[in-house]
Amino acid sequence: MPRTAHVLLAALVASSLSLAASAQQSTFSVGTATADRGQKATGFIDVPAGVDPGTQIPVVIVRGAKPGALLALVSGAHGTEYASIIALQELITSLDPTQMSGTVVLLPLVNIASFEQKVPHVNPVDNKSMNRFYPGKEDGTQTERASYLITKQVVDRCDYLIDFHGGDLDESLRSYAYWVVTGNAKQDAFSKQMALAFGLDHIIISDDRPKDLSATKYLDNTAAMRGKPTITVEAGYAGTVETDDVAALVQGTRSVMRLLKMLPGTPHSIDHPVWIKALGEVTSPTDGIFYPLVKRDTYVEAGRKLGDVTDYFGKVIFEARAPVSGIVLHICAVPSMKKGDNIANIGVIAPKAP
Ligand SMILES: [Zn+2]
């Protein structure tokens with residue numbers, strides 16, 4: 001081969017190598033975190049001050065060595081649902097980008113004020129739940145501004161999303177997943193595979209969430225209505241960080257990553273889970289002191305007494321009873337009871353698998 005051809009071929013090889021190299025090194029950023037392929041990076045989504053103070057939401061990018069799906073993992077919208085927050089900490093440490101395809105974006109603690117001040121259910125800055133105001137508002141209160149930025153920077157850019165929750169400080173909860181059903185058959189079939197791959201053995205069929213894109217309220221629903229197969233998972237309860245709960249969330253995430261071809265191997269999908277078709281919610285009509293009579297994960301018949309609420313002199317003023325037959329998914333874990341507070345959620349078992 002003449003030398004000139006050698007040079008030409010060498011130039012071609014060099015240019016294709018440099019193309020491959022630039023694809024290998026293509027960076028991905030969320031907020032102030034920027035990761036190259038095969039790298040892990042940390043930073044913050046900066047929520048500027050508005051009608052109330054600003055905040056910073058921690059973000060971690062684990063950018064796999066090879067291209068692939070973009071999976072978002074979000075926890076700590078309720079900053080005292082600790083098992084889910086600790087599970088994401090474990091994933092931040094253990095996910096190895098050099099062994100991964102695709103990219104995982106983790107928001108391990110959306111609601112820092114709740115976590116720091118040990119305030120359940122809401123962001124104490126504006127007293128709003130950080131899982132009820134999606135897709136958010138650029139000029140709203142802190143919760144709304146944070147939700148707006150999470151929608152733009154994470155939800156809109158991901159391919160799949162898992163939202164992590166659990167029993168809050170006052171909730172004794174058995175673990176379960178939500179399968180978010182949108183009506184798009186292809187998407188719903190895939191998110192069902194995600195719910196099964198996650199491996200929790202009770203799955204709520206969540207098909208009654210808002211379809212209005214400007215008022216999707218929940219993070220999972222916001223992602224699902226934007227075309228991203230999504231599940232929500234719940235494990236842990238009442239301020240505890242049990243090894244089994246954390247392990248279930250970590251292993252479940254890894255199994256979904258196998259389904260998405262982000263990790264080698266096959267997912268360990270749950271066989272014949274209990275499908276929950278509806279929830280019976282019991283709330284207290286009065287302030288008082290709560291005395292539970294059943295534990296989480298008990299099967300109760302409709303009418304079964306779940307507990308008593310007394311006044312501050314010990315007189316029973318409300319008998320809480322199961323409105324439907326089903327499984328006690330969670331029950332109030334503390335004596336404090338306020339008018340309108342949740343006492344228990346009963347999961348009604350679907351007659352057949354969807
Ligand atoms: Zn929660």
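FYI, side chains are in, hydrogens and waters are out, and symmetry mates aren't considered; it's all heavy atoms of this structure. The residues of the chain are indexed from 1 along the displayed sequence.
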Notebook entry, point to check: Hey, mind stepping through Asp168 and Thr80 against side chain to side chain donor-acceptor pair (under 3.5 Å) and telling me if it holds?
Noted result: CA-CA 6 Å; Asp168 215 321; Thr80 44; 2.5 Å; yes
Any salt bridge (Lys or Arg N to Asp or Glu O under 4.0 Å) pairs touching [range], not counting sequence neighbours?
range: residues 118-132; answer: Lys128-Glu144
range: residues 211-232; answer: Asp156-Arg226, Arg209-Asp220
range: residues 79-108; answer: none
range: residues 328-341; answer: Lys338-Asp341

same_hphob_cluster([X], [Y]) at 4.5 Å side-chain heavy-atom cutoff:
X: Ile343; Y: Ile327; answer: no
X: Leu196; Y: Leu249; answer: no
X: Ile270; Y: Val233; answer: no
X: Val62; Y: Val250; answer: yes
X: Leu279; Y: Ile331; answer: no

Margin query: For His78 and Ser129, which I'm curious about, is there any donor-acceptor pair between the side chains at under 3.5 Å?
Written below: yes
Between the side chain of [X] and the main-chain N/O of [Y], is any donor-acceptor distance below 3.5 Å?
X: Thr151; Y: Pro135; value: yes
X: Ser255; Y: Gln251; value: no
X: Thr222; Y: Tyr218; value: yes

Note to self: Ile204 vs Leu329, test: side-chain contact (heavy atoms from CB on, under 4.5 Å). Steps then yes/no.
What the structure shows: CA-CA 10 Å; Ile204 298 172; Leu329 294 176; 3.9 Å; yes
Side chain to side chain, [X] and [Y], heavy atoms closer than 4.5 Å:
X: Val122; Y: Ser114; result: no
X: Leu260; Y: Val256; result: yes
X: Pro229; Y: Gln187; result: yes
X: Arg63; Y: Val104; result: no
X: Tyr82; Y: Leu169; result: yes
X: Leu306; Y: Val300; result: yes
X: Leu200; Y: Tyr176; result: no
X: Thr182; Y: Met225; result: yes

Return the [atom1] to [atom2] distance between [X] and [Y], rounded to the nearest 0.5 Å.
X: Thr141; Y: Asn127; atom1: OG1; atom2: CG; result: 10.0 Å
X: Asn123; Y: Thr55; atom1: CG; atom2: OG1; result: 7.5 Å
X: Asp287; Y: Met337; atom1: CG; atom2: CE; result: 10.0 Å
X: Arg37; Y: Thr103; atom1: CZ; atom2: OG1; result: 6.0 Å
X: Asp308; Y: Leu293; atom1: CG; atom2: CG; result: 5.5 Å

Partner set under salt bridge (charged side-chain N to carboxylate O under 4.0 Å, His left out) for [X], not counting sequence neighbours:
X: Arg321; result: Glu319
X: Asp201; result: Arg174
X: Asp170; result: none

Item checked: Listed partners of Phe198 passing ring-ring contact (aromatic ring centres under 6.0 Å, His included), at least two apart -> none
Margin query: Once ring-ring contact (aromatic ring centres under 6.0 Å, His included) is applied, do any residues pair with His121, and if so which ones, sequence neighbours excluded?
Written below: none
Next item on the list: Applying side-chain contact (heavy atoms from CB on, under 4.5 Å), run through Phe164 and Thr253 and close with a yes or a no.
Entry: CA-CA 10 Å; Phe164 293 73; Thr253 304; 3.3 Å; yes
Checklist line | Chi angles and distances behind the side chain to side chain donor-acceptor pair (under 3.5 Å) call for Arg254, Ser94 | finding: CA-CA 10 Å; Arg254 289 182 167 280; Ser94 65; 3.1 Å; yes
Margin query: Under the side chain to side chain donor-acceptor pair (under 3.5 Å) definition, can you give me all pairs with a residue in residues 257-283, not counting sequence neighbours?
Written below: Glu281-Asn342
Item checked: Side-chain hydrophobic cluster, 4.5 Å single linkage: members besides Val334 -> none
Check: What's in the same ILVMFWY side-chain cluster as Ile45, cut-off under 4.5 Å, chained through other members?
Finding: Phe28, Val30, Val47, Ile57, Val59, Ile61, Leu70, Val74, Val105, Leu107, Val110, Met130, Tyr134, Tyr148, Leu149, Ile150, Val154, Val155, Leu161, Leu219
Next item on the list: Apply the test side-chain contact (heavy atoms from CB on, under 4.5 Å) to residues His330 and Tyr237: give CA-CA distance (whole Å), side-chain angles for both, the deciding distance (0.1 Å), then the verdict.
Entry: CA-CA 9 Å; His330 63 75; Tyr237 58 94; over 6 Å; no
Margin query: Here's a test for you: under side chain to side chain contact (heavy atoms under 4.5 Å, CB included), which of Asp207, Ile203, Asp208 qualifies with Ile205?
Written below: Asp207
Notebook entry, point to check: Checking side chain to side chain donor-acceptor pair (under 3.5 Å) for the pair Trp179/Ser191: CA distance, chi angles, key distance, verdict?
Noted result: CA-CA 7 Å; Trp179 169 38; Ser191 55; 3.0 Å; yes
Please report the shortest heavy-atom distance between [X] and [Y], naming the atom on each side.
X: Asn221; Y: Pro210; value: ND2-O, 2.7 Å
X: His165; Y: Ser84; value: O-CB, 3.6 Å
X: Pro67; Y: Ser101; value: O-CB, 3.6 Å
X: Phe290; Y: Cys332; value: CE2-O, 3.5 Å
X: Ala83; Y: Asp245; value: CB-CB, 4.2 Å
X: Gly236; Y: Leu173; value: O-CD2, 3.7 Å

Checklist line | Crowding at CD, Gln56 (>12 non-hydrogen neighbours, <6.0 Å) | finding: yes
Check: Is Asp139 salt-bridged to Arg145, going by a charged N under 4.0 Å from an acidic O?
Finding: no
Next item on the list: Check step by step if side-chain contact (heavy atoms from CB on, under 4.5 Å) holds for Ser325 and Tyr299.
Entry: CA-CA 8 Å; Ser325 299; Tyr299 184 88; 3.6 Å; yes
